[in-house]
Amino acid sequence: MKDQRIFLEEMPYEELNDYLMEKTGQRYRIQQLSRYLIQGIPTIDDMSSLSIALREQLKNDFNYGSVTVENEYKSSMDDTVKFLFRLHDGYCVEGVLMKYNYGTSVCISSQAGCKMGCKFCASSDIQFSRNLTAHEMLRQVYLMQKRAGERIGNVVIMGIGEPFDNYENTMGFLKLVHEPDGFNIGYRKITVSTCGIVPKIIDFAKEEMPVNLSISLHAPNDEIRKTIMPVANRWSVDEIIKACRFYVNKTGRRITFEYALMGHVNADKKQAYELVKLIKGLLCHVNLIPVNSTGSNGFAKPDQETIKTFQSILESAGIPVSLRRELGSDIQAACGQLRKTEMKGL
Ligand code: SAH
């Protein structure tokens with residue numbers, strides 16, 4: 001039978017206060033509990049300043065979108081740690097903790113599975129299960145911060161899932177993680193990445209939240225894009241660029257284009273020139289990523305020279321470009337690879 005209990009994190013403040021007063025008679029409990037929720041405490045058992053009896057009572061009376069570490073994998077090449085998280089209903093998602101010289105970053109998932117079906121991405125091989133709630137996203141940050149032993153400086157929503165296909169919860173998460181009593185992470189330290197859900201790019205531009213926006217473009221035209229990203233059948237490259245212009249005009253913020261370089265697909269000079277033509281004049285930055293081969297996907301990184309040539313064509317045209325450092329490649333830190341291995345049975 002389906003669990004009918006309400007999730008603790010969805011209880012309105014007043015009702016939760018009434019409940020706690022009835023059970024404990026202690027006025028301060030609501031503050032304690034609200035603080036735990038906003039801090040992303042991953043399970044009720046972790047609420048250690050509540051009495052054991054109260055924790056048991058809460059577990060009895062409420063559901064809780066708990067998140068636990070099922071496994072973690074530390075890279076032997078750098079400080080990257082990849083996490084496999086287990087959700088309360090058994091599904092798994094991934095997160096990555098990365099140390100850069102400018103601080104500690106976490107990458108979190110927004111959905112269990114993904115509907116987008118990008119051909120080069122391991123997440124798309126696994127069926128979409130469900131959206132994550134804002135609190136489930138927050139709890140991933142908590143667990144990785146705990147592991148890091150230091151304050152998280154940056155958050156990227158680039159794990160499993162398409163955040164703009166789970167728009168409301170993603171916006172909820174952004175507000176929670178920004179809360180002064182919670183992680184207190186500045187909006188400018190957060191990045192949301194989308195494969196290009198055009199109406200949501202427009203909505204996002206209107207949110208007045210100075211969060212960084214990253215677009216997974218990966219191709220300079222519809223013809224190539226359609227062969228690697230099914231979402232390209234729904235929205236054209238031109239529509240995406242138009243939405244990006246709207247975003248830049250509305251927010252004054254620079255947009256990032258992710259471009260995974262795939263040999264013999266999108267990495268030749270011709271595509272570099274086409275990309276220049278497409279985005280020239282737009283306040284943007286291009287992040288080149290040599291594609292991660294996920295084994296079955298059949299895509300391969302281009303050779304060094306091809307990568308360099310692509311990069312220098314953009315640079316010569318005055319487009320800011322960076323080549324993404326590949327952290328944690330020995331632990332399959334990229335995009336759904338781990339979950340794929342672990343979730344075969346689910
Ligand atoms: N759905 C969102 C966020 C998740 S993917 C999006 O599409 O942006 C995070 C980033 O990793 C995206 O830019 C995605 O295109 C890229 N990516 C996925 N698989 C990859 C691979 N095998 N190699 C390189 N980048 C990959």
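As the structure lists them, so they are numbered: ligands from 1, and atoms in each ligand from 1.
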Pair E56 + K59, salt bridge at N-O below 4.0 Å: yes

Within 6.0 Å of CD in E223, more than 12 heavy atoms from elsewhere: no

Sidechain N-carboxylate O distance under 4.0 Å for R147, E72: yes

Ligand-residue contact atoms, ligand 1 with G161, heavy atoms, under 4.0 Å: 1 (N), 2 (C), 3 (C), 4 (C)

Within reach of ligand 1, part of I160 (heavy-atom separation under 4.0 Å): neither

Cation over ring face, K200 and Y167, 6.0 Å, 45°: yes

Within reach of ligand 1, part of H218 (heavy-atom separation under 4.0 Å): side chain

Interfacing atoms of ligand 1 (cut-off 4.0 Å, heavy-atom, C195): 6 (C), 7 (O), 8 (O)

Element-labelled atoms of ligand 1 that are located less than 4.0 Å from some non-hydrogen atom of E162: 1 (N), 2 (C), 6 (C), 7 (O)

Which segment of E258 sits under 4.0 Å of ligand 1 when only heavy atoms are counted: side chain

Close N or O approach (F120, ligand 1; < 3.5 Å): yes

Where ligand 1 meets T194 - atom numbers and elements under 4.0 angstrom, heavy-atom basis: 6 (C), 7 (O), 8 (O)

Proximal ligand 1 atoms for C121, defined as those under 4.0 Å from one of its heavy atoms: 18 (C), 19 (N)

Any N/O pair G159/ligand 1 closer than 3.5 Å: no

From the candidates S110, S216, C118, the one that places a heavy atom nearest atom 10 (C) of ligand 1: S216

